[in-house]
Amino acid sequence: QAQLQESGGGLVQAGGSLRLSCAASGLPFGRLAVGWLRQVPEKEREVVAALNWSGGITNYANSVKGRFTISRDNAKNTVYLQMNSLKPDDTAVYYCAAAEAVILNRYNVNYWGQGTQVTVSS
């Protein structure tokens, strides 16, 4: 059964850091584009960061460029999101996702994690 399991969310003060991890099982992880999306109530999910299968192509939302870094370890079937200089506006539920595509966007996701809450206090 295909599964994406996030971990690493929590509460942090503004200016702090968190690292999210997402472990994949039951899917051809090494051939999939991966990414992180986030959602706040009454808004659509937005792609925060995306990475192609090899790690050679990245895409970041303008709001997180220079602060967030996405990476993957295909040997461990894991994707990471390092979040630095966190702001209260980064508060959201963060979802790990994977797509059978060159690069992931919010329309072509094939696999979803269950989501992890990130809360940034001011």
Side-chain angles (χ1 to χ4, degrees):
Q1 183 177 355
Q3 187 173 13
L4 294 171
Q5 181 67 54
E6 301 102 334
S7 60
L11 174 64
V12 64
Q13 287 190 331
S17 298
L18 280 176
R19 189 193 197 203
L20 304 182
S21 298
C22 174
S25 59
L27 61 158
F29 182 80
R31 300 200 301 268
L32 300 176
V34 294
W36 292 90
L37 297 88
R38 67 186 180 188
Q39 187 171 26
V40 296
E42 300 183 351
K43 288 192 175 181
E44 293 183 341
R45 288 183 190 181
E46 64 166 345
V47 176
V48 174
L51 188 63
N52 78 321
W53 70 273
S54 68
I57 302 173
T58 57
N59 187 27
Y60 292 95
N62 287 335
S63 58
V64 306
K65 282 181 180 177
R67 300 188 298 121
F68 290 12
T69 303
I70 186 172
S71 61
R72 66 189 297 167
D73 186 336
N74 286 344
K76 295 182 178 179
N77 286 354
T78 302
V79 58
Y80 306 97
L81 185 67
Q82 178 65 45
M83 303 185 293
N84 298 329
S85 302
L86 282 160
K87 305 174 182 179
D89 284 349
D90 294 318
T91 295
V93 177
Y94 284 72
Y95 296 89
C96 175
E100 297 169 0
V102 173
I103 196 73
L104 179 146
N105 60 55
R106 65 190 180 105
Y107 302 108
N108 66 7
V109 173
N110 298 107
Y111 307 97
W112 289 99
Q114 83 287 351
T116 186
Q117 177 70 44
V118 171
T119 302
V120 184
S121 63
S122 57

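Everything numeric here is computed off the predicted structure, so don't read it as measured data. All residue numbers in this chain count up from 1 along the given sequence. Atoms considered below: every heavy atom in the structure, side chains included; atoms not considered: hydrogens, waters and symmetry mates.
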Less than 6.0 angstrom from the centroid, inside 45 degrees of the normal: does [X] satisfy that with respect to the ring of [Y]?
X	Y	answer
R19	Y80	yes
R45	W112	yes
R72	F29	yes

Which heavy atom of [X] sits nearest a heavy atom of [Y], and at what distance?
X	Y	result
L32	A98	CD1-CB, 3.9 Å
V40	A92	CG1-CB, 3.7 Å
V93	G115	CG1-CA, 3.9 Å
V47	A61	O-CB, 3.5 Å
A14	S122	CB-CA, 4.3 Å

### side chain to side chain contact (heavy atoms under 4.5 Å, CB included) assessment of C96 paired with V34
CA-CA 8 Å; C96 175; V34 294; 6.0 Å; no
With hydrophobic residues grouped by side-chain heavy-atom distances under 4.5 Å, do [X] and [Y] end up in a single group?
X	Y	result
L51	Y60	yes
M83	V120	yes
L18	F68	yes
V48	L37	no
V64	L86	yes

[X] side-chain N/O to [Y] backbone N/O, donor-acceptor pair under 3.5 Å:
X	Y	answer
T78	K76	yes
N105	N108	yes
Q82	T69	no
N110	E100	yes
N74	N77	no

Any side-chain donor near an acceptor of the partner, [X] and [Y], under 3.5 Å:
X	Y	answer
N84	S17	yes
Q39	E46	no
Q117	T119	yes

Does any part of the side chain of [Y], heavy atoms only, come nearer than 4.5 Å to the side chain of [X], both counted from C-beta?
X	Y	value
V109	Y111	no
T58	I103	no
C22	W36	yes
R38	Y94	yes

### Verdict with supporting geometry, K87 and R67, side chain to side chain contact (heavy atoms under 4.5 Å, CB included)
CA-CA 10 Å; K87 305 174 182 179; R67 300 188 298 121; 3.8 Å; yes
### Query
side chain to side chain contact (heavy atoms under 4.5 Å, CB included) with V118: which of D90, L20, L11?
L20
